[in-house]
Number of protein chains: 2
Amino acid sequence: MVRKAHGKHGLKSPALVRDAEATRAHILDAAEEEFAANGLAGARTEAIAAKTKVTKAMIYYYFESKEKLYLSVLERAFVQRFQMAQAMKLESLPADQALERFIREFLDYTVKHRHQFPIFIHEAMQNKGKYYSKLGALSLYGVVMGILERGMAEGFFRRLDPFHTAVHIFGSCVFYFVSRENIKSLVPNKNLLGPQMLKGHIDGAVEFIMRGVRK
Amino acid sequence: MVRKAHGKHGLKSPALVRDAEATRAHILDAAEEEFAANGLAGARTEAIAAKTKVTKAMIYYYFESKEKLYLSVLERAFVQRFQMAQAMKLESLPADQALERFIREFLDYTVKHRHQFPIFIHEAMQNKGKYYSKLGALSLYGVVMGILERGMAEGFFRRLDPFHTAVHIFGSCVFYFVSRENIKSLVPNKNLLGPQMLKGHIDGAVEFIMRGVRK
DNA sequence: GTCTATACTGGGATAGAC
DNA sequence: GTCTATCCCAGTATAGAC
């Protein structure tokens, strides 16, 4: 369905060429959205097809099965998130500043790439981490635990357990998004994804977390 | 399938009597477990039947549909959790002690009634809070927000936003359970539900949260 | 590479005997 | 109240034309 003006090597291309690379990427984008909404089991290949404007059969042509498509989506998300963290250059900052920066950029990324995070939650809840475990090396827990250990050594942070504290930190950051659809009925006139509420959550989380770990 | 020695009024009972009340309760218990594992859409009525030792048809006889059964399970969980909070007598304690007590008892309850909490997460993720919103009046957010407001008035807590802070508190408490199946691969030789890890999580969460809210 | 049409299966729900 | 048998739709996956 996707056309571009020139073939891969820029030679002897007709005006309209089918572009397998672009089609693959479009399917991945649509699948990310569908898996975010429904998880692996709940996702409908038909719904993914509808979003991409290619047919269901094409999805099987490119990815063989719903499961393999899911793994591809998950892997891409893991890699992108990991690169996001690498790009922060946290090693060059004192640990307390590194932590605050990580939290803010991580939350900013989570909001912007809205469809990635719910996939991880569905993955834990419905697949019991079966696919997550294949990619755990790219998890962001290592990043946060590293900052916490450094912060204790540098004297910024109190004595704490890096693993459990990392879970508490991520929990403070992301439970807002996990439970969003439940708690929205508790604050009926607010838009939980609007700028005002997001700012309240993010600033509040930074304050809450930094106080929680500081000496 | 359930038998007891005497009928409701203890009169003219044959040796074995079918007990509708007990059967209903057994179905609810089995359904709670199945819905916790798979959510409404993912739950299999056949699986619930297998756990109860009654047939699938009985479930429809008692509850009409999978959806109505789900609502019954959800409502029972909401009521039990709310009663748990009422029983804590938090009003009789200063706000800081009330908060710590709430956290410990809430987490203790969450561990003991293992199947209730995942239902709420599945509810948010797959049903977008559709059924949760019918029961929001029994949510525990009100309890925590009340403690936070009182704590500010009494001078124990810093200036904070009760709603966002309540979300951060619950996040610190429960994300451990939400993401358990993902993070278990990151700590391969630990049992996340064993007493050691649970103590680490709970004590860590209390410390983290109390520092996060105190003046 | 892309489509249409269809085979096959899992699982919610119900009929009807006892 | 409880069972067995079955209807029927939704949804994954594939065959085969173009």
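Convention: sequence-line order gives letters A, B, ...; per-chain numbering from 1.
- Within the 3.5 Å criterion, the main-chain N or O of B:K68 finds a donor-acceptor partner in the side chain of B:S65.
- Within residues 27-37 of chain A, no residue has a heavy atom under 4.0 Å from DNA chain D.
- Across the protein-nucleic acid pair, B:Y70 atom OH and C:dG12 atom P stand 15 Å apart, rounded to whole Å.
- Distance check: A:F208 CZ to A:D203 CG gives 15.0 Å after rounding to the nearest 0.5 Å.
- Remark: P of C:dT2 and NE2 of A:H26 are 12 Å apart, rounded to the nearest angstrom.
- For B:I59 and C:dT14, the CD1 to P distance is 14 Å, given to the nearest whole Å.
- Distance, B:I48 CD1 to C:dA13 C1': 14 Å, rounded to whole Å.
- Here A:T110 contributes atom OG1 and A:E105 contributes atom CD; the two are 11.5 Å apart, rounded to the nearest 0.5 Å.
- Distance NZ (B:K53) to C1' (D:dC3): 17 Å, rounded to an integer number of Å.
- Checking the phosphate oxygens (OP1, OP2) of D:dC3, a side-chain nitrogen or oxygen of B:T55 falls inside 4.0 Å.
- Ionic pairing of B:R104 and B:D108 is not present here: no N-O contact between side-chain nitrogen and carboxylate oxygen is shorter than 4.0 angstrom.
- Straight-line distance from the CE atom of A:M58 to the C1' atom of C:dG1: 5 Å, rounded to whole Å.
- No hydrogens or angles considered: nothing links the side chains of A:Y132 and A:N127 as a donor-acceptor pair under 3.5 Å.
- Between B:Y60 and the phosphate of C:dT14, there is no side-chain N or O to OP1/OP2 separation shorter than 4.0 Å.
- Rounded to whole angstrom, the span from the CG atom of B:L69 across to the P atom of C:dA13 amounts to 10 Å.
- No side-chain donor-acceptor contact under 3.5 Å links B:Y131 and B:E75.
- Between the side chain of B:E34 and the backbone N or O of B:R44, at least one donor-acceptor pair lies under 3.5 Å.
- Taking the side chain of A:Y62 as heavy atoms from C-beta on, and the options D:dT4, C:dG1, D:dG1, the nearest nucleotide is C:dG1.
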Could you go over nucleotides 8-11 of chain C and give all protein N or O partners under 3.5 Å, atom names and distances?
unit_1: C:dG11; atom_1: OP1; unit_2: B:R44; atom_2: NE; d: 2.7
unit_1: C:dG11; atom_1: O5'; unit_2: B:R44; atom_2: NE; d: 3.4

Residues A:E32, A:R76; criterion salt bridge (charged side-chain N to carboxylate O under 4.0 Å, His left out); working and verdict: CA-CA 10 Å; A:E32 188 171 274; A:R76 192 180 65 158; 3.5 Å; yes
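- In terms of phosphate contacts, B:Y61 brings no side-chain nitrogen or oxygen within less than 4.0 Å of OP1 or OP2 of D:dC3.
- Sequence neighbours left out, the pairs with a member in residues 184-197 of chain B that pass side chain to side chain donor-acceptor pair (under 3.5 Å) are B:E181-B:K184.
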